[in-house]
Amino acid sequence: MEEKLNLLADFPAISTKEWKDKIITDLKGADFDKKLVWRTPEGFNVQPFYRQEDLRGLKTTVSAPGQFPYVRGTRTNNEWFIRQNICACENARKANKKALEVLNKGITSLGFCLNADKLNYRYIKNLLKDIDARAITINFSICACKAAELANILVRYYGRCGYDFKSVYGSINVDPIKNMLIKGKDLSREQVAEKLVAAVNACKTLVNYRVVGVNSVILNNSGAYCAQELALTPSLGVPST
């Protein structure tokens, strides 16, 4: 009779002190705090490992995922997309080849960075050749001024493929503020609104496509602290009055 594995018996409980002592031994004299503890710019110490005892007193344990105040996230499941971003700025056919390659390795979501100057129907047709848009989510990043044109091309392409528009999921990352932050472009509120409205209206047929994007990575790469990134990111998505 095959003996079943008993995790509790075969792996006895180890105290936090024993774990840390073992780590210190493996560090061979290096300082534990300097080597493994990350001190954030805000002054928080992030330990290299945490245990159940560290949850004591935390109110997050009494909140359920997907419920207010959402301290454990907005999801009620643990289903996540495995996404691969691909640059399609230079050659749509090469980007398509790369996409088909990663799809055969288990990717469930694609992200394409597009060249606004090359955008036309043939460009998108070559990019999405042999990719079933109903089987995965397809996301696009392009200059905000070209987002509406891209949406119209996708509607035309998906229609010719015979897709039910309700069966395709994805996004067109329209983020005018991104260029304002990175390139210093001076756009008025009216100009930003014009670009967003045009893209949203063009995507009405693509009912399961998200259009407006807010990208916190810009803030992070510009030196924002964690707290600043968390505070500023939601504010970018709130319409000014």
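Quick caveat, the model's predicted, so the values are computed rather than measured. Position 1 is the first residue of the sequence; numbering continues from there.
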Output the distance between atom CD (Glu18) and atom CD1 (Ile23), rounded to the nearest 0.5 Å. 12.0 Å
List the atom pairs, with distances to 0.1 Å, where a side-chain N or O of residues 55-62 and a protein N or O form a donor-acceptor pair under 3.5 Å, not counting sequence neighbours.
residue	atom	partner	partner atom	Å
Thr61	OG1	Leu58	O	3.0

Heavy-atom closest pair (Asn45 atom, Tyr50 atom, distance to 0.1 Å) is O-OH, 3.8 Å
Is it true that, when you exclude Glu90 itself, more than 12 heavy atoms of the residues, nucleotides or ligands shown sit nearer than 6.0 Å to its CD? no
Is it true that a side-chain atom of Asn115 and a backbone atom of Cys89 form a donor plus acceptor pair closer than 3.5 Å? yes
Should we say atom CZ of Arg51 is surrounded by more than 12 heavy atoms from elsewhere, each under 6.0 Å from it? yes
Please report the shortest heavy-atom distance between Asn120 and Tyr123, naming the atom on each side. OD1-N, 2.7 Å
For Gln52, is the CD atom crowded, meaning more than 12 foreign heavy atoms sit under 6.0 Å from it? no
If you draw a 6.0 Å radius around CZ in Arg122, do more than 12 non-hydrogen atoms from other residues or ligands fall strictly inside? no
Looking at CG of Asp33 and CZ of Arg39, how far apart are the two atoms once the value is rounded to the nearest 0.5 Å? 10.5 Å
Whether the Asn173 and Asn139 side chains hold a donor-acceptor pair (N or O, under 3.5 Å, no angle test) is what I'd like checked. no
Relative to Tyr157, does Lys125 satisfy both conditions: NZ or CZ under 6.0 angstrom from the six-membered ring centre, and within 45 degrees of the ring's axis? no
Without hydrogens or angle criteria, can the side chains of Asp21 and Trp19 be said to hold a donor-acceptor pair below 3.5 Å? no
Tyr121 to Arg160 - nearest heavy-atom pair and separation: OH-CD, 3.1 Å
Which heavy atom of Gly66 sits nearest to which heavy atom of Thr76, and what is that distance? CA-CG2, 4.0 Å
Gln191 side chain vs Ser188 backbone, donor-acceptor pair below 3.5 Å: yes
With a 4.5 Å limit on heavy-atom distance, are the side chains of Leu36 and Leu27 in contact? yes
Distance, nearest 0.5 Å, that separates CD1 of Ile218 from CD1 of Ile177: 9.0 Å
Taken in chain and number order and not counting sequence neighbours, the residues that satisfy side-chain hydrogen bond (donor to acceptor under 3.5 Å, both in side chains) with Arg134 are Asp132
Are Gln228 and Leu219 close enough that some pair of their side-chain heavy atoms sits under 4.5 Å apart? no
Quick one, Lys105 with Glu101, criterion salt bridge (Lys or Arg N to Asp or Glu O under 4.0 Å). Give me CA distance, side-chain angles, the key distance, then yes/no. CA-CA 7 Å; Lys105 295 180 179 180; Glu101 178 185 334; 3.4 Å; yes
Without swapping roles, check the side chain of Asn126 against the backbone of Ala92 for a donor-acceptor pair under 3.5 Å. no
Should Leu128 and Phe112 count as side-chain neighbours, where that means a heavy-atom distance under 4.5 Å? yes
Within-4.5 Å side-chain heavy-atom neighbours: Val155 and Phe165: yes
What one should report as the nearest heavy-atom pair of Pro176 and Ala144 is CG-CB, 4.1 Å
Atom pair CG (Leu103) and CG (Leu110), whose distance is rounded to the nearest 0.5 Å: 4.5 Å
Val174 and Ala199: which non-hydrogen atoms are nearest, and at how many Å? CG2-CB, 3.8 Å
Measure the shortest side-chain to side-chain distance between Pro65 and Arg75 over non-hydrogen atoms and say whether it is less than 4.5 angstrom. no
Under 6.0 Å from the OH atom of Tyr158, do we count more than 12 heavy atoms belonging to anything else shown? yes
Tell me whether the count of non-hydrogen atoms from other residues, nucleotides or ligands lying under 6.0 Å of CZ in Phe49 goes above 12. yes
What do you reckon, is OH of Tyr225 surrounded by more than 12 foreign heavy atoms closer than 6.0 Å? no
What's the separation between atom SG in Cys161 and atom CG in Leu154, rounded to the nearest 0.5 Å? 10.5 Å
Any side-chain donor near an acceptor of the partner, Gln84 and Ser109, under 3.5 Å: no
Could you tell me the separation between the CD1 atom of Ile138 and the OG atom of Ser171, rounded to the nearest 0.5 Å? 10.5 Å
Inspect the surroundings of CZ in Phe81 and state if more than 12 heavy atoms from other residues, nucleotides or ligands are less than 6.0 Å away. no
Ile136 versus Ile107: any side-chain heavy-atom pair under 4.5 Å? no
